[in-house]
Amino acid sequence: MTFSTYTIILTYFMASLGIAAGSCVESIEVYFIAVASALAAISLILNLRSRRVVSKAVWNILAVALFALFLADYAVIAKDLLASAARFLVIMLALKLFDLKTGRDHVVLYIIVFFQILGAAVSTSSPVFLLILSLFIAGGIGAMTIFNIKKDWQAVYKEPQEPPGAIFGTSIIAFAAIAALSAIVIAFLIFFIMPRGAIGFFERKTANTIRMTGFSGNVDLGEIGAVKTDSTIVMRVEIKGGRPKELLRFRGTSFEQYDGRGWKRRLKERTLPGKGRESEFIVAKTTPKLPIIEQAILLEPLESDVLFAASQPIRIEGAFPSLRLEAAGAIYMPSIPYARTGYKAWSQPRATSREEDAPDAAFSDTSFLETDPSGERIRALAKELTKGMKGRQKAESIESYLRANLNYSLDPQRTEGKTPLEDFLFFSKQGFCEHYATAMAVLLRSAGIPSRLVTGFIEGEWNGFGNYFIVRQANAHAWVEAYIIEEGGWITFDPTPDAGFAPIEMPSRLTLYLDMLRYKWNRNVVQFSSEDQHKMAYGLERVVREALNALRGSLSFQKNGQTAYTAYLAAILLAVIVIFLIVYGRRIAQGQGLTGSKPIQYYAEMLRILRKKGLTRRPEETALEFADRAGDRRVIWITKVFQDERYGFIQPEADKLREVGRWLAELGTGR
């Protein structure tokens, strides 16, 4: 292949990375990426045939027009800078592929791709971005190699002439690969070492928030059932120590006021002060002797400011400026998040939720029964189910009745009942978790026990590859908390029968493994925080300290009262290795150790002669730049012979080699 063909291949490789980066911006439509890909394919055919369709003048006009469209898109249509910029760059890239005449055109295209990579970096959390970034680094180093070779070649041969394709041998490819790998490793080190901090606007994610049901200030009876078939992932919850034996309920918010149609939340909130470390918030007192479950939660961007944790949460740790705690136990973030939120929570599922004050009167309100058509029947049923019982016995009796006598259905039939609750309890006797929880809360209040409806999620699918639950919209759930005076706090009850906990179709092992990779990428890279950085630094410090202690012990000069001569031998061997590396490294830098081939030998000999005269090649100089600085026509002539053989694979004839020897002799004798 010719040099130009290599350049075209590399340019389209970089262009494909730019289009792939554009597709990572979730607000970019699929058809938009498809059109750009089609334009790129057409331009590739034309460029391979050396046909130029877009002139420089037309390209400039199109660029100005596209910029105007970008401003209009941002101001009127998308109203989102990142989304508008991403679309603008994708179209710019596709059109620039039709205008690749000079090396400058290729460089402009690489710059466009760079900004596409940058846009994807601040708007996606997909692990695919790691692959795109790594390939971009490799392609960028390849591009720099190609254009530097072309620059040096054209400096030697003043007339327009392309370098031969044979230049791209295994040595250059190996060099580019090693340089790319080194750059990727250094980039990762910088990423993990660089101090974490907020970056304002660029913290925002362009993905739309997930619309939530059941976590606003009002919930109508039946709303949660609408999402019970939605497989959208809401959060992933990693459990320290593996899957717990008991069913976990991830508590969201609670409601105290029921009007016969739906639930409302009226109680005030208060701000949680940070305790201990800056990012730690105490939610409730720890109950001694009860197990604590530690959770690492990665919450998707939701259309809600509710913070979820397994019941009963006692402590939250995360990068929040503040948290708000409702009197009914719900925890709220400062605002609705527009990005994935990572935090830790500690919970005691078997604990009784104790609050400082007695329950508010709103938790015992049954005034709606005065006007409800089934009010008397509900009171009578509650009296019948709890006759002669106290406290927890009443709650367990109501819970058992609902589980055994009503049917779970996501599509309950409406019959002659005048309200959803009346229909559920006395007519159709069909419903889902919301109906069961509402019925139990109302019956508890009728029996004199304060109660509240709680909404959240049940645990979802367990991913054994990463020890975490995949919680979806379909896992949305409602249950009841009852205030049992004898036990001094709120206790969880769940009247929904087992059919309401049936999992959706389990994903394959491959799907679970890929989801684990996605989760680990988000948790350990995208959500990498200053706290993670400190933990990593402390862990590294501990490992180094332990290694040094072990080394110090193994090289101890006294063992059992006798001198350990192996320590002396190890020290001497280490010193020899260090001296060898220093000397040999210096020889390589000076060109004295390079004796692998003829062009290296005579060129290295010339460098040695010039160095004796006080003229040394600088590290940043190319061979020809050094020859020009030497100002000797013999040096320039030898350098051109060297470049022809080294990069052009042109074997010098015997007469030319004898001429090189003569020039070297003259340089050595100072003539």
Side-chain angles (χ1 to χ4, degrees), residues 125-127 210 212-215 224-225 227-252 290-302 306-318 340-351 403 408 410 432-433 454-479 492-494 496-527:
S125 55
S126 171
I210 300 172
M212 298 292 294
T213 298
F215 304 99
I224 291 182
V227 300
K228 294 294 285 183
T229 57
D230 188 345
S231 62
T232 303
I233 294 176
V234 172
M235 59 182 165
R236 294 173 175 84
V237 185
E238 186 176 351
I239 306 295
K240 186 176 182 180
R243 184 173 189 172
K245 294 180 180 179
E246 66 264 42
L247 176 76
L248 291 187
R249 296 173 180 85
F250 298 103
R251 196 182 194 281
L290 287 181
I292 297 175
I293 294 180
E294 181 179 334
Q295 312 132 68
I297 301 174
L298 185 62
L299 191 65
E300 295 294 314
L302 307 178
V306 177
L307 204 63
F308 296 90
S311 300
Q312 301 287 337
I314 57 175
R315 186 157 52 97
I316 299 292
E317 186 180 289
R340 288 181 175 87
T341 305
Y343 58 97
K344 286 187 176 181
W346 287 261
S347 305
Q348 291 185 296
R350 300 178 192 172
R403 279 175 166 265
Y408 185 86
L410 288 177
F432 44 87
C433 59
V454 181
T455 57
F457 296 89
I458 53 175
E459 57 190 30
E461 306 146 19
W462 177 253
N463 190 331
F465 290 111
N467 285 338
Y468 65 92
F469 287 109
I470 303 173
V471 183
R472 305 175 185 273
Q473 285 265 44
N475 300 123
H477 192 56
W479 60 93
T492 298
F493 294 93
D494 198 337
T496 303
D498 293 341
F501 300 99
I504 61 175
E505 183 179 352
M506 285 297 294
S508 66
R509 289 179 61 84
L510 176 61
T511 302
L512 290 175
Y513 184 76
L514 293 176
D515 189 84
M516 181 272 294
L517 294 179
R518 190 179 301 111
Y519 167 70
K520 293 297 184 182
W521 166 261
N522 280 278
R523 175 64 188 89
N524 298 321
V525 179
V526 178
Q527 296 291 324

Sub-4.5 Å side-chain heavy-atom contact between Arg315 and Ile292: no

Heavy-atom side-chain contact between Tyr343 and Leu307 under 4.5 Å: yes

Side chain to side chain donor-acceptor pair (under 3.5 Å) partners for Tyr519, two or more places apart: Glu238

Side chain to side chain contact (heavy atoms under 4.5 Å, CB included) between Phe308 and Ile297, intermediate numbers included: CA-CA 8 Å; Phe308 296 90; Ile297 301 174; 5.6 Å; no

Side-chain heavy atoms of Pro349 within contact of Ser311, under 4.5 Å: no

Test item: Arg472 side-chain N/O and Gly460 main-chain N/O as donor-acceptor pair under 3.5 Å: no

Interatomic spacing from CG in Leu512 to CG in Leu517 - rounded to 0.5 Å: 11.0 Å

Interatomic spacing from CD1 in Ile233 to CG in Asn475 - rounded to 0.5 Å: 10.0 Å

Listed partners of Ala351 passing side chain to side chain contact (heavy atoms under 4.5 Å, CB included), at least two apart: Thr287, Leu290, Gln348

Min side-chain heavy-atom separation Arg350-Pro291 under 4.5 Å: yes

Other residues, nucleotides, ligands: >12 heavy atoms within 6.0 Å of Tyr513 OH: no

With sequence neighbours excluded, residues passing side chain to side chain contact (heavy atoms under 4.5 Å, CB included) with Pro244: Ile239, Glu246, Leu248, Ile293, Phe469

Lys/Arg N to Asp/Glu carboxylate O, Asp494 vs Arg249, below 4.0 Å: yes

Ring centre gap for Phe250 and Phe457 strictly below 6.0 Å: no

Sub-4.5 Å side-chain heavy-atom contact between Thr496 and Arg403: no

With sequence neighbours excluded, residues passing side chain to side chain donor-acceptor pair (under 3.5 Å) with Glu294: Trp346

Straight-line distance of Arg236 CZ to Met516 CE, nearest 0.5 Å: 12.0 Å

With Tyr468 via side chain to side chain donor-acceptor pair (under 3.5 Å) - residues at least two apart: Asn463, Asp515

Rounded distance (nearest 0.5 Å) linking atom CZ of Arg251 with atom CD of Gln312: 6.0 Å

Side chain to side chain donor-acceptor pair (under 3.5 Å) partners for Arg243, two or more places apart: Glu459

His477 and Thr455, any side-chain heavy atoms less than 4.5 Å apart: no

Side-chain H-bond candidate by donor/acceptor type, Gln473 with Ser231, under 3.5 Å: no

